Amino acid sequence: MAGGEENNTGGKNSFSVLVVDDDTVIRMVHRRLMTGLGLKVQEAKNGKEAVDLHINGASFDLILMDMEMPIMNGPTATRELRAIGVKSIIVGVTSHTSESIHKDFMEAGLNHCVAKPMTIAKIASFLPKSNNN
C-alpha cells in the first residue's frame, strides 16, 4: 500500500475499507456491516471517485467494488487502480450470477468476486485473521 498506513495505532482497529457503489442504500448497508466489525469506512459513488481518491494519496486495506456504475464501472476502475500500483484487496460485488461475467470482472484485477447481498460472513472471509474474531 502507498504510504500513510496506520498499522501501529494500538487498541483500535485501523483496517480501512472503501465502499464503491452508486446505490445509496447499498453503500449504507455495506457501511453498517463494516462499522459493525470495527472497520474504518469511506465511500465513493463510482469508480472514478475511487481512482481519484487513490491518485490524491488515499489508501485502503480493502475495496468493495460494485460492477455496474455510471461514469466509471467497476472493471475499468479496478484496471486503473491496478495500473497505478494499488495493492489493496479488491472484491468485486455484483448482482450478476453468470460465471462468465464474474470471470471477466476477475480478469480486471480483482482478488475475489462475490454476489450481492454482502454478509458479515462474506466480509470476514476477506479480512486478515486478526480482524475476524
Side-chain angles (χ1 to χ4, degrees):
M1 250 151 289
E5 294 174 60
E6 300 172 14
N7 291 335
N8 298 325
T9 57
K12 195 67 177 154
N13 191 342
S14 65
F15 196 86
S16 61
V17 181
L18 177 63
V19 174
V20 186
D21 201 300
D22 59 315
D23 186 301
T24 305
V25 173
I26 297 290
R27 285 196 315 272
M28 181 190 70
V29 169
H30 289 176
R31 172 181 284 279
R32 286 192 179 168
L33 289 170
M34 299 296 172
T35 56
L37 291 169
L39 308 178
K40 295 187 307 184
V41 181
Q42 190 164 342
E43 299 175 3
K45 294 178 187 126
N46 59 63
K48 182 177 182 332
E49 285 185 13
V51 171
D52 289 347
L53 281 168
H54 285 83
I55 288 171
N56 290 315
S59 67
F60 303 89
D61 299 297
L62 172 66
I63 300 170
L64 294 183
M65 181 71 70
D66 186 30
M67 183 174 187
E68 295 177 338
M69 296 176 285
I71 302 172
M72 183 184 290
N73 67 24
T76 301
T78 300
R79 281 187 203 90
E80 290 203 19
L81 289 169
R82 294 303 190 206
I84 61 173
V86 172
K87 304 288 186 217
S88 307
I89 299 165
I90 303 178
V91 178
V93 183
T94 180
S95 55
H96 290 284
T97 56
S98 163
E99 284 188 32
S100 65
I101 290 175
H102 283 222
K103 182 179 180 284
D104 290 344
F105 199 2
M106 285 292 296
E107 288 174 355
L110 298 178
N111 296 89
H112 308 279
C113 188
V114 297
K116 289 179 183 177
M118 288 300 288
T119 63
I120 293 284
K122 285 180 186 176
I123 294 164
S125 73
F126 308 124
L127 303 179
K129 296 303 175 213
S130 62
N131 283 328
N132 56 12
N133 298 331

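Just so it is clear, the structure is predicted and the values come from calculations on it, not from any experiment.
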What's the shortest heavy-atom distance between [X] and [Y], and which atoms?
X	Y	value
Phe105	Met65	CZ-O, 3.6 Å
Lys48	Met72	N-CB, 3.4 Å
Asn73	Met67	CB-O, 3.3 Å
Ser16	Ser59	OG-O, 3.7 Å
Asn46	Pro70	CB-O, 3.3 Å
Thr94	Cys113	CG2-SG, 4.1 Å

(request) Spell out, yes or no, whether Val29 and Ile120 are grouped together once hydrophobic residues are joined by side-chain heavy atoms under 4.5 Å, including indirect joins. (result) yes
(message) Count I, L, V, M, F, W, Y as connected when their side-chain heavy atoms are under 4.5 Å apart, and connections chain through other members. Are Leu37 and Phe126 then in the same cluster?
(response) yes
(request) With Val91 as reference, evaluate Ile123, Leu62, Leu110 under the side-chain contact (heavy atoms from CB on, under 4.5 Å) test and give the passing residue. (result) Leu62
(request) Please indicate whether Lys122 has more than 12 foreign heavy atoms, meaning atoms of other residues, nucleotides or ligands, lying under 6.0 Å from its NZ. (result) yes
(message) Tell me whether the count of non-hydrogen atoms from other residues, nucleotides or ligands lying under 6.0 Å of CZ in Arg32 goes above 12.
(response) no
(message) Within this structure, what is the CE-CG distance for the pair Met28 and Asp21, rounded to the nearest 0.5 Å?
(response) 12.0 Å
(request) Look at Lys116 together with Asp66 and state whether they make a salt bridge at an N to O cut-off of under 4.0 Å. (result) yes
(request) Salt-bridge test for Glu107 and Lys103: reply yes if a basic N is under 4.0 Å from a carboxylate O, no otherwise. (result) yes
(message) Do Leu127 and Leu39 make a side-chain contact, defined as non-hydrogen atoms from C-beta onward lying under 4.5 Å apart?
(response) yes
(message) I'd like to know whether Phe60 forms a side-chain contact (heavy atoms from CB on, under 4.5 Å) with His54, so could you lay out the CA-CA distance, the side-chain angles of the two residues, the decisive distance to 0.1 Å, and finally the verdict.
(response) CA-CA 9 Å; Phe60 303 89; His54 285 83; 3.6 Å; yes
